[in-house]
Amino acid sequence: MNLLKITASNAFINIARNKLISFLCFGIIAFTLLIFGIFNYITFSLESFSETFTKNITAIFYLREGVKPAQIDELTNHIRENLMVKNVAFTSKSQAEIDFSRNFKDLSYILSEFKESPFPASIEIEFKPEYAMDTKVISLIEEIEKWSIIDSKEVNLDWAKKLIAFKKFIYVVGMFLSLILIFVSVFIIFNVIKINIFYRKEEIHVLRLVGATDWYIKFPFVIEGAILGFFGSLLAGALLFITLKLFPVYATFMYNLVKGMIDFKTIPSVIFLRLIGLGTAIGLFSSYFSSRQFLKN
Amino acid sequence: MNLLKITASNAFINIARNKLISFLCFGIIAFTLLIFGIFNYITFSLESFSETFTKNITAIFYLREGVKPAQIDELTNHIRENLMVKNVAFTSKSQAEIDFSRNFKDLSYILSEFKESPFPASIEIEFKPEYAMDTKVISLIEEIEKWSIIDSKEVNLDWAKKLIAFKKFIYVVGMFLSLILIFVSVFIIFNVIKINIFYRKEEIHVLRLVGATDWYIKFPFVIEGAILGFFGSLLAGALLFITLKLFPVYATFMYNLVKGMIDFKTIPSVIFLRLIGLGTAIGLFSSYFSSRQFLKN
Amino acid sequence: MIEFYHVDKRYVSDQLALTDVSFSIEKGEFVFLTGASGAGKTTLLKLIFKEEVPTRGQILIDSQNINLIQSKLLYQLRRNIGIVFQDFRLLQNRTVYENISIPLAVRGEKKSTIEKMVMNALSLVGLTHRKNYIPMHISGGEQQRVAIARAIVASPKIILADEPTGNLDTELSIEIFKIFERINANGITVLIATHNTYMMEMFPKRILKLDKGKLISDGKKERAA
Amino acid sequence: MIEFYHVDKRYVSDQLALTDVSFSIEKGEFVFLTGASGAGKTTLLKLIFKEEVPTRGQILIDSQNINLIQSKLLYQLRRNIGIVFQDFRLLQNRTVYENISIPLAVRGEKKSTIEKMVMNALSLVGLTHRKNYIPMHISGGEQQRVAIARAIVASPKIILADEPTGNLDTELSIEIFKIFERINANGITVLIATHNTYMMEMFPKRILKLDKGKLISDGKKERAA
Ligand SMILES: Nc1ncnc2c1ncn2[C@@H]1O[C@H](COP(=O)(O)OP(=O)(O)OP(=O)(O)O)[C@@H](O)[C@H]1O
Ligand SMILES: Nc1ncnc2c1ncn2[C@@H]1O[C@H](COP(=O)(O)OP(=O)(O)OP(=O)(O)O)[C@@H](O)[C@H]1O
Ligand SMILES: [Mg+2]
Ligand SMILES: [Mg+2]
């Protein structure tokens with residue numbers, strides 16, 4: 001415990017001894033992780049953005065004239081059984097008339113010209129939000145359409161299909177880029193720390209020659225790497241915060257439209273924690289593996 | 001000219017002399033630029049992707065019964081004047097009937113029951129693709145809708161609005177991230193090259209002491225930076241290519257849907273050139289400014 | 001006890017830096033190692049603390065064959081040896097005080113012990129007033145004395161010194177050799193590589209003489225070229 | 001011609017490394033600079049090629065006040081001076097041959113000229129067989145001779161050598177001093193900082209003696225402590 005404290009303070013002293021280089025490494029780590037953070041945030045945002053497109057997806061099916069109540073019940077029950085469906089509502093011809101005259105009071109005189117309600121009966125399906133973008137919704141809609149009692153439907157499947165594809169695209173791209181970015185971040189930070197240690201190989205060699213154990217040499221480097229990684233990722237988090245604070249200003253300047261579309265002010269804390277964890281871990285392991293290389297004789 | 005040749009070959013020798021560090025710097029530069037390249041490519045792809053949503057936007061306006069040809073001409077001429085409009089087509093009631101019976105031969109017997117065509121006359125507007133996502137299109141549609149001869153329209157403005165917002169969002173985010181990324185790339189590469197030069201400050205000092213001019217010292221570093229930047233960006237380009245080659249495989253594995261949606265095989269050469277230009281320039285200027293710092297006495 | 005048995009050292013294929021070197025130094029001896037520039041003195045010393053490994057032959061330190069020591073456990077060997085490197089090898093980012101304290105710090109000594117021993121070593125080499133300087137900011141001779149202080153500070157069983165007075169004036173050199181003599185009087189083995197014929201005359205000890213990698217003479221008070 | 005007028009040099013606030021040093025060395029002179037460790041020899045030399053600047057006083061080289069030379073044009077001054085640094089300052093990532101060729105390369109000499117002159121310098125210091133080694137792979141004395149070769153290779157007008165034989169045996173030292181003497185015979189000014197009293201006796205020249213930063217004596221053949 002005491003050794004850990006001494007080593008940690010040694011690591012800080014080491015960082016202070018090599019101010020410029022530590023500072024540069026620190027900066028590189030911070031900026032590398034900033035990109036990682038931004039990417040994470042973008043993916044996150046795009047996903048929630050694409051969700052606003054797809055909330056409360058409803059489909060309305062208009063029924064043919066003269067459909068029997070039994071047939072309607074059969075269909076609504078069939079639909080209700082489906083797990084993706086949140087709500088099914090039947091609107092009879094007369095109910096449609098009432099709805100119309102309620103919504104358009106000024107036009108209700110038109111209805112008086114008709115003997116019977118001119119509106120078709122309809123079934124409105126509301127899907128659960130979590131299935132809003134599922135391809136299975138599309139097949140359900142297509143299946144219902146084939147029922148003989150259905151006259152027509154009002155739902156833009158084309159858009160829905162495209163949006164589903166889009167959402168998946170965002171997700172796949174996001175995952176893929178996150179993987180690449182983790183890899184790149186690790187690579188950059190690893191190399192920077194390796195450079196840092198490489199230039200101190202003489203120091204490592206001398207320490208060995210005066211009787212230091214491998215761990216005595218390695219430990220401060222490992223701690224140093226972890227410290228650089230930790231503070232680097234902390235800075236990255238702060239920069240991410242500032243960047244996202246700044247973005248709406250820039251966005252407002254560019255396009256008033258985009259402003260407010262996404263809440264750019266709060267960084268999901270999970271991204272923040274991910275950053276710090278990643279930064280510290282990379283710093284730590286980079287130092288560990290890099291220092292090992294220079295502990296040969 | 002000869003001096004340039006000698007210096008360039010000196011720069012290569014220098015890189016060979018400091019193999020490990022040059023290699024690490026080179027790697028960092030390549031990976032930093034890889035991210036820049038990927039980002040550029042994503043922005044590019046998302047933009048063209050969102051365009052596939054919006055190509056061939058058409059709006060159909062159904063006319064009221066009993067509209068006079070003069071009124072129709074007035075409206076179509078008005079629409080035709082608009083620069084965003086590619087094509088305006090009027091479909092009379094009888095033409096609509098003919099179209100219907102041509103498209104649905106089996107159902108044409110239904111039409112025989114009607115005295116007059118049951119279909120409304122309509123005007124179909126096709127917009128030029130470059131305006132497909134313009135908000136002005138929306139205001140035009142809304143304006144036309146207010147004409148008294150219009151009965152109803154068939155165009156989903158809600159989607160269109162959301163998509164316009166989305167496209168702008170992509171654009172703004174893309175621009176913003178490109179700016180940040182350029183900044184971060186410059187920062188990282190600058191710092192790496194600075195570390196590289198920092199550790200050779202003793203060499204710089206000795207060269208000065210034996211009578212080298214500042215330019216004699218600086219020039220190989222500048223060339224070295226440019227070489228590292230150039231080859232780094234070349235590698236970044238290659239990695240970008242491989243990454244994008246790899247992506248569809250990954251995507252296929254994840255979601256068959258996304259595959260083929262975008263052509264991931266060709267990297268727009270503009271991105272490639274941008275990478276190389278950026279890499280070389282950063283390397284060059286980084287070396288120039290970093291080496292200056294160590295040429296004090 | 002340092003024993004060399006038919007030791008060869010070859011850095012590059014075509015020539016030997018040491019050829020068939022055999023000798024033994026008893027515990028508590030004071031020995032000079034001499035020879036022209038490039039004769040192999042530094043190489044011989046490096047073999048003792050295993051910075052280099054012999055191409056052929058055996059080296060025994062306190063009857064332990066150091067060829068067989070694992071890299072991980074080398075520190076045990078090295079803690080018994082205090083070394084003054086020809087090129088000093090001071091850590092540039094630490095002060096004189098910190099440099100001298102390293103051998104104690106790596107042994108995990110207490111801070112108060114370290115302070116006492118470092119200050120003692122500093123005053124022996126006459127550098128108390130330079131303790132907070134970094135190596136770059138002191139003179140060549142001062143750096144050499146820091147290197148000497150670092151070698152003796154942890155009271156090792158063997159002291160190896162490679163040209164320890166090359167940057168010192170005669171007066172100071174004599175003082176330093178007197179320190180080595182005093183340390184030697186406490187039973188510490190001392191092996192000093194030097195060209196300084198004047199010092200070898202002033203301190204008549206056993207002299208090992210190398211020439212082009214061969215041990216050409218081994219005897220007391222012999223006059224070196 | 002090297003002239004010092006009341007030169008002070010202060011590195012840290014509380015003490016002077018050089019105090020009121022005044023002297024002048026004529027073109028073509030051969031002068032020794034001596035004094036105990038830390039007396040200020042290296043500092044004095046550094047002032048001549050403006051690695052350090054004086055805190056007070058004027059330094060004239062060939063009647064030019066070097067305080068007034070712009071940083072950008074310093075190379076003109078330094079091309080007239082060949083320096084053997086106390087710590088050699090060889091470039092670790094270049095071979096012996098490349099290290100020696102640097103002063104010629106920075107002057108833009110032709111490759112063939114460089115080769116001729118470097119090989120000549122190499123043979124003078126007896127290192128032809130080490131030309132493709134890197135400094136880390138040669139002995140301390142060999143490194144010192146590379147430093148000497150680099151200082152003389154470009155035929156400068158002034159040669160400054162800081163403890164140039166600290167790592168060399170007596171025989172080699174005499175040879176090196178003979179080289180300096182030969183160069184000096186061609187009208188080159190030579191200023192050598194050294195502790196080696198034996199050499200100063202063998203080569204009786206003017207001796208400048210420093211003590212704690214003060215010039216305490218200036219004369220021929222004086223016996224240094
Ligand atoms: N950069 C510096 N910063 C602070 N003090 C310095 C610096 N350089 C030298 N000194 C101090 O100035 C004094 C003179 O140093 P200098 O190197 O000139 O001595 P020297 O005569 O060359 O000694 P030696 O024979 O040991 O090489 C020394 O006490 C040294 O500690
Ligand atoms: N790492 C190395 N690689 C190749 N050759 C080497 C290496 N180290 C030393 N040598 C060569 O081995 C020979 C002996 O070197 P060593 O350093 O032992 O000499 P030395 O007796 O200490 O000389 P000096 O008195 O000049 O320090 C020299 O010729 C040198 O060039
Ligand atoms: Mg040696
Ligand atoms: Mg000195």
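To find a chain, count down the sequence lines: A is the first, B the second, and so on, and within it residues start at 1.
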Bottom line for B:L20: the part with an atom under 4.5 Å from chain A's heavy atoms is side chain
Heavy-atom closest pair (B:I21 atom, A:F198 atom, distance to 0.1 Å) is CD1-CD2, 3.2 Å
So CG of A:N191 and CZ of B:F31: to nearest 0.5 Å the spacing works out to 8.5 Å
Quick one: sort the B:Y199 and A:Y199 rings into parallel, tilted or perpendicular, breaks at 30° and 60°. parallel
When the 4.5 angstrom heavy-atom criterion is applied to A:I180 and chain B, the contacting part is side chain
Result for side-chain contact (heavy atoms from CB on, under 4.5 Å) between B:L24 and one of A:I193, A:I195, A:V192 points to A:I195
The interface call for A:F187 against chain B, heavy-atom contacts under 4.5 Å, is side chain
Under 4.5 Å to a heavy atom of chain B? For A:T32 that would be both
Okay, B:L34 and chain A: the region with an atom under 4.5 Å from a heavy atom over there is side chain
When the 4.5 angstrom heavy-atom criterion is applied to B:F183 and chain A, the contacting part is side chain
